[in-house]
Structures are given as structure tokens and as C-alpha cells.
Amino acid sequence: MKNLKWKLLLLLLLAVFASGCSGQGEKPKDERFYEDDVTSEREDHIVVGFAQIGSESDYRIANSASFRETFCEKNGYYLLFEDGQQKQENQIKAVRNFILQEVDYIVLDPIVETGWDEVLQEAKSAGIPVILSDRSVTVEDEGLYTCWVGSDFEEEGRMAGLWLENYLQAEGRDEEEIHLVTLQGTPGSSAQIGRTAGFSEILQRHGNWNMLEYASGDFTQSKGQEVMTQFLKSYPDIDVVISENDNMTFGAIEAIEEAGKTCGPAGEIIIISFDAASEASFTAMKEGKLHADVECNPFLAPKVDEIIKRLERGETVEKIQYVEEQCFDAFMDLDTVMEERKY
Ligand code: GYE
């Protein structure tokens, strides 16, 4: 009898011990990956791999800063930041690397829209959600990414076109033959495709608007300056420059001044830009060198953070999430605009 009691007690202890250890043979996902090279700090955080495009513009610098600030350890994240140096192949490598590292989420800012099917399929097969930020992709299966948060680039293009329409009308030039050139962003990028398409919608409404040429300045100041210099050589009678980002605009202004011409409300050529993401854009408007600037909000990381938190709680998220934007111009009280602006 006494013996039986002890045996039962022993069995009970074994059962308790076994249940307390259950699952210990198999380490959680993050631990398996990080056991060699990663400190315990990472284990307690949500690991996010961010495949950034590069550092081609003021927008991009602000966008990277937004990610580094938001996805910090204090906020519960461990951020793996990869700079693609303006090359899609580098971004694809970065995504593959994130998959190998078994990150919890991948955030991708795709330099161009096409060419992502394969690597996104790999992420999907690995069970890693992909959030697109800023630019988007064109893929066969929309299920290859969880959602996209960014700007409505077509709407931005339309805003630029409508601004020009109103301005020319106010100046009494709505019947005049108007010669335009466009400095485009990186060919095939969402920002280039959308802005060109949106502006072209308004362009088509005006038989007297003559678009002389589209050429890419790749969203950089140096190429913007180079292309504008060529435009000025080819066309002596440019009335309007549409420049698909501010850094190309800064280059274009230099090219215009070097050619002995002037632009902005204080000059001859009308110039319209996109981004308004840095003080320099407002300075150009205040100095009368730039007419209008359509805002493109680079502070997307808090939105992505919100999305990840929702996914962590098992909630569903909207597939496309646009940020709100507006158009600024040199005729506004820009000091007040800047003071009241959230960023
Ligand atoms: O306008 C430009 C940057 O994708 C919206 O990329 C972004 C664009 C932005 O280099 O300045």
C-alpha cells in the first residue's frame, strides 16, 4: 500500500515535469535563428527588414529617418535596414536575406513596379508578410503582399495639372500656345508612372499645351541639372517645366540660371515640382524661384507601425492606404504653412 502511494506520487511528479517542459525541445522561430549571433534583446522584439531604395533625394533621407526613428528597440522593434543603392537587384538580395534571417515582417519600397513576383513568392512561401511602403509593385497575384501604404501619385500629377490650369487662366494665358517639358523620375517607378499619368490627364484637356519632351533625371539633383541643360539647348521657348521631384527641380533651377534665364514667379519660366519634403523647397518658393510644389509625405513609418501592430493582434488591414497631401505655392503665406505643418 505504502509502495503504491509512492509510485503514484512519482508518476504525478513526472507528469507535472513533462507538461512544464513541453515544447522545450523545439525552440521558437526567432531563437533558432538568433541562437548563434544575436543577443537576447532581438528575441523580445518584432524583427522588421526594411529594403530601402537608396538616398537619392531629400524625400528619401526623410523617409529613412522616419523608419529608423519609428522602428527602434524602445518601440518594440529590431530593424534590419538595407540600402539598395538605387538598384533593384540589391533590393531583391536584401529581401532574400531577410527571408533567410526569418524576420517577422518585410517592408519593401520597390524602386520600380515590375520584377518582384519571384522574390515576393519566396517571402510568401516562408510565411513572412510583406508591406509595401511609398512605391508599389505590379504583380500577377496581389496576394503576394499584405498591403501598400503610400501616396496617390496620380492624384499628385492631377493636382499639378490643375494648379497650372488655374494659374494660366488667372494670368490670362489660357488661350496661349504653352510649351512644356517634363523632368521625369526613375522610369518605371510608381512615383514616375503616377505623376506622369495624372498630369497627362489634365494636359489632354488643353489642345494649346504642347509637351515638347519627357526625359528622366532619375530623381537626382545632378541628373535634373544635366537634363534641364539639354532641354534648354534643344528648346529656346520653354514656358513650363514639370519636375517630378524637388531635387531634380533644384538642379533644373541651377541649369536655368546658368543658361542666363530665370524661373519662378520672379522669373520667366513656370516651374512646378513634387515632394515639398524639405525646407529647401519652401525656400525656393519664398525666393520666387519655384511656383508650386505638390506635397509627397515621406513620413510613412508610423503608418507601417500601425499596420504591423494590427497584424500582430490578428486584425485585417486595408490593402491600399493613401496618405493625405496638398499643393503649396509661392503665393501662400508659407511661413504660417510651415509653422502649422506636422512635419
Ligand atoms: O518623390 C522622390 C524620391 O517615391 C515618392 O522618390 C517617392 C519619390 C520622391 O526619390 O524624391
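It should be emphasised that the depicted structure is a prediction, and the values quoted were computed from it without experimental measurement. Values reported hereafter were calculated over all heavy atoms of this structure, with side chains retained and with hydrogens, waters and symmetry mates removed. Just follow the structure's listing: the first ligand is 1, and inside any ligand the first atom is 1.
The cationic group of Lys319 lies under 6.0 Å from the six-membered ring centre of Tyr145 and within 45° of the ring axis, placing it in a cation-pi geometry. At least one test fails for Arg158 against the ring of Phe199: distance under 6.0 Å to the centre or angle within 45° of the axis.
A salt bridge links Glu165 to Arg205: one of the charged nitrogens lies within less than 4.0 Å of a carboxylate oxygen.
For the pair Ile238 and Leu180, the minimum side-chain heavy-atom distance is 4.5 Å or more.
The N/O atoms of Arg195, backbone and side chain alike, include one that comes under 3.5 Å of an N/O atom in ligand 1. Residue contacts with ligand 1: Arg135 is placed with a nitrogen or oxygen under 3.5 Å of a nitrogen or oxygen of the ligand (distance criterion only). In terms of polar-atom proximity, defined here as any N/O pair under 3.5 Å, Asp134 does make such a contact with ligand 1.
Neither the backbone nor the side chain of Phe274 comes within 4.0 Å of ligand 1, counting heavy atoms alone. With a 4.0 Å cut-off on non-hydrogen atoms, Gln86 does not touch ligand 1 at all.
Counting non-hydrogen atoms of other residues, nucleotides and ligands closer than 6.0 Å to CD of Glu118 gives a total of 12 or fewer.
Atoms of ligand 1 lying under 4.0 Å from at least one heavy atom of Glu56, given by number and element, are 3 (C), 6 (O), 10 (O). Ligand-side atoms of ligand 1 in range of Cys296: 5 (C), range being under 4.0 angstrom from any heavy atom. Residue contact check: Phe153 has heavy atoms under 4.0 Å from atoms 5 (C) of ligand 1. Those atoms of ligand 1 with a heavy atom of Arg60 less than 4.0 angstrom away are 3 (C), 4 (O), 6 (O), 7 (C), 8 (C), 10 (O). Within the listing of ligand 1, atoms 2 (C), 3 (C), 10 (O), 11 (O) sit less than 4.0 angstrom from a heavy atom of Ser57.
If you check which protein heavy atom lies closest to atom 1 (O) of ligand 1, you get Asp275 OD1, 2.5 Å.
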Please report the C-alpha distance between Glu226 and Lys223 in whole Å, then the side-chain angles of each, then the deciding distance to 0.1 Å, and finally whether the salt bridge (charged side-chain N to carboxylate O under 4.0 Å, His left out) criterion is met. CA-CA 5 Å; Glu226 207 178 294; Lys223 288 206 185 133; over 6 Å; no

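Clustering ILVMFWY residues whenever any of their side-chain heavy atoms sit less than 4.5 angstrom apart, transitively, puts Val139 in the very cluster that holds Trp148.
Between the side chains of Thr336 and Glu340, no donor N or O sits under 3.5 Å from an acceptor N or O.
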